[in-house]
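Because the structure is predicted, anything quoted here is derived from the model rather than measured. Note on naming: letters A, B, ... go to the chains in the order of the sequence lines (proteins, then strands), and numbering restarts at 1 for each one.
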Amino acid sequence: MSEAGATAAHDAHAEHHELGFIRTYIFSTDHKMIGRQFIFASILMLIVGGLLAMMMRWELAWPETPVPFTSWISEPFMYPADEDSTVGAVEGLSEYVDPYPGANFAKSLGSVGGAHMDPAFYNSVFTMHATIMIFFVVMPFMVGGFGNYLIPLMIGAGDMAFPVLNMLSFWTAVPATIMIVYSFFVEGGAAAGGWTMYATLSADPTLSGVDTGADLWVISLLILGVSSLMGAINYITTVVNMRAPGMTWFRMPLVIWSLFVTAILLLLALPVLTAALGMLLFDRTMGTSFFMPGGGGEPILWQHLFWFFGHPEVYILVLPAMGVTSDILSTFSRKPIFGYKAMAFSMIALAFLSWIVWGHHMFVSGMNPVLGTAFMLTTMVIAVPSAIKTFNWLGTLWGGNIRFTSPMLFALGFVSNFVIGGLSGIYMASTPVDIFIHDTYFIVAHFHYVVAGIIFGMFAALYYWFPKIFGRMMNETLGKVHFALTYIFFNLAFFPMHFLGVGGHMRRIYNPLQYEFLHDLQWWNVFITMSAFCLGLSQLIFFANFIWSLIAGKKADKNPWEANTLEWTAPSPPGHGNFETTPTVYRGPYEYSSPLVKEDWLPQDRKLGPEAVTASH
Amino acid sequence: MMQWLPEDVSPYGGSIDALFYFIYYITAAAFILVTALMIIFLYQYRRDDSRRAVYTHGNTGLELVWTIVPALVFIGLGLASKSIWEEVKLNVPETDVEIRVTGKQFNWEVLYPGPDGEFETADDYQVDNDMHVPVGKPVRVFLGSKDVIHSLFMPNLRFKQDMLPGRLIEAWFQANKAGIYEAPCAELCGFGHSGMKGTLYVDTPEDYAAWYDKRWPPAETNGSDASAAETTEEVLASGAVMDAETMPDAEAEPAATEEEAVSAEDVPADSAAQ
Ligand code: HEM
Ligand SMILES: [Cu+2]
Ligand SMILES: [Cu+2]
């Protein structure tokens, strides 16, 4: 439809134009604005979480030397150091490893002035890094941001089923976000029990030394749970009730399938987390003993509850990225997705199985070893749907006509990382092997390949839908450079963590030099840190591209990628109410290179002659 | 990757390591297969506007293959793992060497039962962080904790077990090579977690006997009519010497008087398990 048509459709919604600035940009009930709000908020938090990671990496590479650029952080978290003491501290490292790798780099960067990190603060830093990345970056970006933006548009609806609930979902997430960041600044600092917050360390403030900060952590996640619950209800209702005419279940794009399954998992998993967090808060503040053995409680109960939520949670994190990847691979291979139904059903299978594998996090926890065997077997089973998905992605590439755009590159990067993360999961699923690698850097490598690998899915989504969301194109060249550097440094940073883990390097320690058996591995830590810094710096290219494209990117057409799904039939960006006329769906989302038409794409809503319609899917 | 697994000195570590390498070969093969196919496809099917992509929605036969083959591999791995896991966890060998290790922020409190072989009796000996065991003999270890969850990790023994407050967990290990091994804590337990470690002294029979006799002089144990109070005095005295020699900075308390390590209130009697 023409520009004039779009304007006409807008005029039909004239009453909305009277919405002031506040109702349009702040307390908006439009799913597209809410989606954008989530995206911006999570990108901001990505910066916070990333900087925390850089601090940790410095500490691990050059332990107990001043961390550059941190002298503004107050005592008792960081203790200021001058240039001389920096040089001295770095030189002192050669007592453990001689010559010490990267010593000159550390000295020269140290000259900018830094501060010594307190070991307790290191614990806060990794706890907050993980909490922020999982709950305040990946979830809000994929589920809050793209879930919101894409669901109505891709099923042909005008908005979410409950627009006000949707707005509340975002505005409930805001105080949770503020609270988690604020917890750094209260006395005693932020939570320091790890993102898994195992009791009893977490259940009694005197054991961790963190009081208010950990309470704020609990309350923040409780509030965030309410936000996610509102989102989940909205998504489920919208997908069930508001699909456009002709949009049958098996004509839905896989990204919608993934978000739908994710919403169901959220709906079922969050109450478990809420219950567990409630008990933890009671133990902390009111003297109950759910997890404290002194009063008849059981510390391992926390682990069962946490992982009963936690394993579905990891699929909440990864499923949307899988959905995004499926859509993007099909679009840019110009080929239908290989095994559409197998893809949908394997997501459903993952969702079911994710409820019965939680014990694989607890093989050495003191849980009965017989249970360990049972959980190992269920975990082996859950690896099967992951394998199916991987091979179907390969099948999609086979025989394609592949366009290497930046979203495509990031989607391929996601697949490549997921393969490594999935394969490393098998080591830990094997109970005897897990005895050794549990709680080492091996598992840190594993979950960075899967969870930090999701960042590739996030970038893929952002590069792909940016033109739709913001009406402008991102710069492709910068996008490709960003991909290449991110992919290389991601692997250089995370792959060697397997070696550390196999060498026995524990996770959650701030000074590996305290252990003699790790001295020979220390140069890997330096290598990883250097790679991580490069990985961090590479993101500057993204930020430059993102901001520049927002302001001055080339104006986007309706369908810049020649894609099939419904959002590309709406204007870029779509106006209020999304579609000029409600689309009717005639076929599945992946009819690329169909013999029915001359072009190599065939949009879902394009009506062909009657004989052609029956011939197509 | 091979040489990075630390030296193994345990009886079952060989099986664990073999399983590790077995998984390594399988996953390496899978990785190479997938990556090679991906690279080939990306090259072979790169954009070429003179042709069209193959229009296909899948292939049920192929999809069955890549469902069933991984499933069989995973089941096989599961079965292999199951038997080794049982060897390690369920078949606890008979032994007369027993110790209790109790985690506390941020030390291992090691308790030896003494000649009577019973814990919580007058001839116990307690010290922080030093575990003396004889080479080549199974050691039964009772793991507990005074405060938070810790995890006793002995990389060279392929041993790791969390220690829970409120429970005594029974486990076993055996070191087949004399030497001194680090025994760090592997579970985040507070601000001192990093650096929390003990030392496992795997003594030759002679060294072990020497250590043992120094702790419990033969005369003392033979004199069966010595009163408990006297024995305690002896232990206290020698414990202090021991501490001064080997643990200059530890606040280790001699045992007999400090039995609350895993006292009744911390450890319900019925909770010893596994
Ligand atoms: C092929 C399928 C997978 C298998 C077999 C697998 C296996 C495992 C196992 C056994 C553990 C526990 C390791 C230990 O604590 O010793 C683990 C941890 C973890 N996995 Fe996976 N995993 C798989 C896929 C995933 C996916 C898809 C995600 C996320 C999107 C994920 C995220 C995590 C995370 C975050 C942890 C660490 C939790 C912690 O902090 O302790 N895994 N995985
Ligand atoms: Cu899991
Ligand atoms: Cu610890």
Side-chain angles (χ1 to χ4, degrees), chain A residues 119-120 123 194 198 200-201 207-209 293 299-300 334-336 338-339 342 364-366 368-369 373 376-377 380 383-384 387-388 391 394 397-403 419 423 426-427 430-433 435-436 438-439 499 502-504 506 508-511 514-517 593-595 600, chain B residues 1 4-6 16 19-20 23 27 30-31 34 37-38 41-42 45-48 51-55 57-58 63 66-67 70-71 74-75 77-78 81-82 84-85 88-90 147-149 151 155 158 160-162 164-167 169 182 184 186-191 193-195 197 274:
Chain A
N123 291 355
Y198 278 9
T200 55
L201 181 64
L207 292 172
S208 66
I300 221 170
R334 316 309 291 166
K335 249 196 85 196
F338 201 90
V364 301
S365 67
N368 189 317
T373 302
M376 167 179 65
L377 294 175
M380 292 289 177
V384 175
I388 298 177
F391 286 115
L394 280 183
L397 296 177
W398 171 83
N401 199 358
I402 299 169
R403 301 182 180 176
V419 168
L423 291 174
I426 296 171
Y427 291 75
S430 166
T431 42
V433 177
I435 296 175
F436 183 75
H438 175 72
D439 268 332
F499 307 151
V502 170
M506 288 78 66
R508 296 175 171 174
I509 57 172
Y510 93 118
N511 182 355
Q514 288 164 323
Y515 307 88
E516 254 162 61
F517 75 106
S593 302
S594 160
D600 63 359
Chain B
M1 179 172 259
W4 283 310
L5 266 173
I16 293 183
L19 190 58
F20 178 91
I23 299 177
T27 51
F31 174 73
V34 170
L37 284 177
M38 194 157 151
F41 291 171
L42 291 180
Y45 302 112
R46 66 194 184 279
R47 182 172 190 168
D48 170 1
R51 69 181 171 84
R52 256 173 116 83
V54 180
Y55 179 72
H57 289 88
E63 287 176 58
W66 62 57
T67 306
F74 293 143
I75 291 171
L77 276 178
S81 305
K82 178 175 181 287
I84 298 174
W85 176 249
V88 176
K89 285 285 171 180
L90 299 178
D147 36 45
V148 302
I149 300 180
S151 186
R158 305 296 184 263
K160 185 182 289 128
Q161 176 60 57
D162 287 5
L164 299 169
R167 279 209 218 179
I169 293 175
E182 283 174 290
E187 180 68 60
L188 176 66
C189 55
F191 64 85
H193 167 59
S194 188
K197 63 171 181 179
Q274 303 145 31

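Taking the side chain as every heavy atom from C-beta outward, B/Glu187 and A/Arg508 approach each other to under 4.5 Å. For the pair A/Asn401 and B/Arg51, the minimum side-chain heavy-atom distance is below 4.5 Å. Taking the side chain as every heavy atom from C-beta outward, B/Met38 and A/Val419 never approach each other to under 4.5 Å. When side chains are defined from C-beta on, B/Val34 counts as touching A/Phe391, because their heavy atoms get closer than 4.5 Å.
Across all their heavy atoms, B/Pro184 and A/Met506 have their closest contact at CB-CE, 3.6 Å. Heavy-atom minimum distance, B/Lys160 versus A/Phe436: NZ-O, 2.7 Å. Residues B/Ala53 and A/Ser593 share a closest heavy-atom pair of CB-OG, 3.4 Å. Taking every heavy atom of both residues into account, A/Met376 and B/Ser81 meet most closely at SD-CB, 3.2 Å.
The main-chain N or O of A/Lys335 is never found under 3.5 Å from a side-chain atom of B/Tyr55 such that the two would form a donor-acceptor pair. Side chain of B/Glu182 to main chain of A/Glu516: a donor-acceptor pair is present (N/O by atom type, distance under 3.5 Å, no hydrogens or angles).
Contact annotation for B/Val88: only side-chain heavy atoms (C-beta onward) come within less than 4.5 Å of a heavy atom of chain A. For B/Ile23, the parts sitting under 4.5 Å from any heavy atom of chain A are the backbone and the side chain alike. If you measure heavy-atom distances from B/Leu188 to chain A, the contacts under 4.5 Å come from both the backbone and the side chain. Heavy atoms of B/Lys82 lying under 4.5 Å from chain A belong to its backbone as well as its side chain.
When each of B/Cys189, B/Ala71, B/Ala30, B/Gly195 is scored by its heavy-atom pairs under 4.5 Å with chain A, the top score falls to B/Gly195. Between chain B and the options A/Gly504, A/Gly339, A/Ala342, the largest number of non-hydrogen pairs under 4.5 Å is found for A/Gly339. For the set A/Ile388, A/Leu394, A/Val384, the entry with the most heavy-atom pairs within less than 4.5 Å of chain B is A/Leu394. With chain A as partner, the option from B/Ile149, B/Leu19, B/Thr27 having the largest number of non-hydrogen pairs under 4.5 angstrom is B/Thr27. Contact count versus chain B (heavy atoms, under 4.5 Å) is highest, among A/Ser208, A/Gly503, A/Ala120, for A/Gly503. Among A/Thr431, A/Thr200, A/Val433, the residue making the largest number of heavy-atom pairs under 4.5 Å with chain B is A/Thr431. For the options B/Thr67, B/Asp147, B/Leu42, heavy-atom pairs under 4.5 Å to chain A are most numerous at B/Leu42.
With rounding to the nearest 0.5 Å, the separation of NZ in B/Lys89 from CD1 in A/Ile435 is 5.0 Å. Rounded to the nearest 0.5 angstrom, A/Tyr198 OH and B/Leu164 CG are separated by 10.5 Å. Between the CG atom in A/Asn123 and the CZ atom in B/Phe191 there is a gap of 10.0 Å [rounded to 0.5 Å]. If you take CD1 on B/Ile16 and OG on A/Ser430, they are separated by 8.5 Å, rounding to the nearest 0.5 Å. Rounded to the nearest 0.5 angstrom, A/Asn368 CG and B/Leu90 CG are separated by 8.0 Å. Between atom OG of residue B/Ser151 and atom NE2 of residue A/His438 there is a gap of 6.5 Å, rounded to the nearest 0.5 Å.
The side chain to side chain donor-acceptor pair (under 3.5 Å) test applied to B/Tyr45 returns A/Trp398, not counting sequence neighbours. Remark: B/Ser194 engages A/Gln514 in a side chain to side chain donor-acceptor pair (under 3.5 Å) (not counting sequence neighbours).
More than 12 heavy-atom neighbours from other residues, nucleotides or ligands sit within 6.0 angstrom of CZ on A/Phe517.
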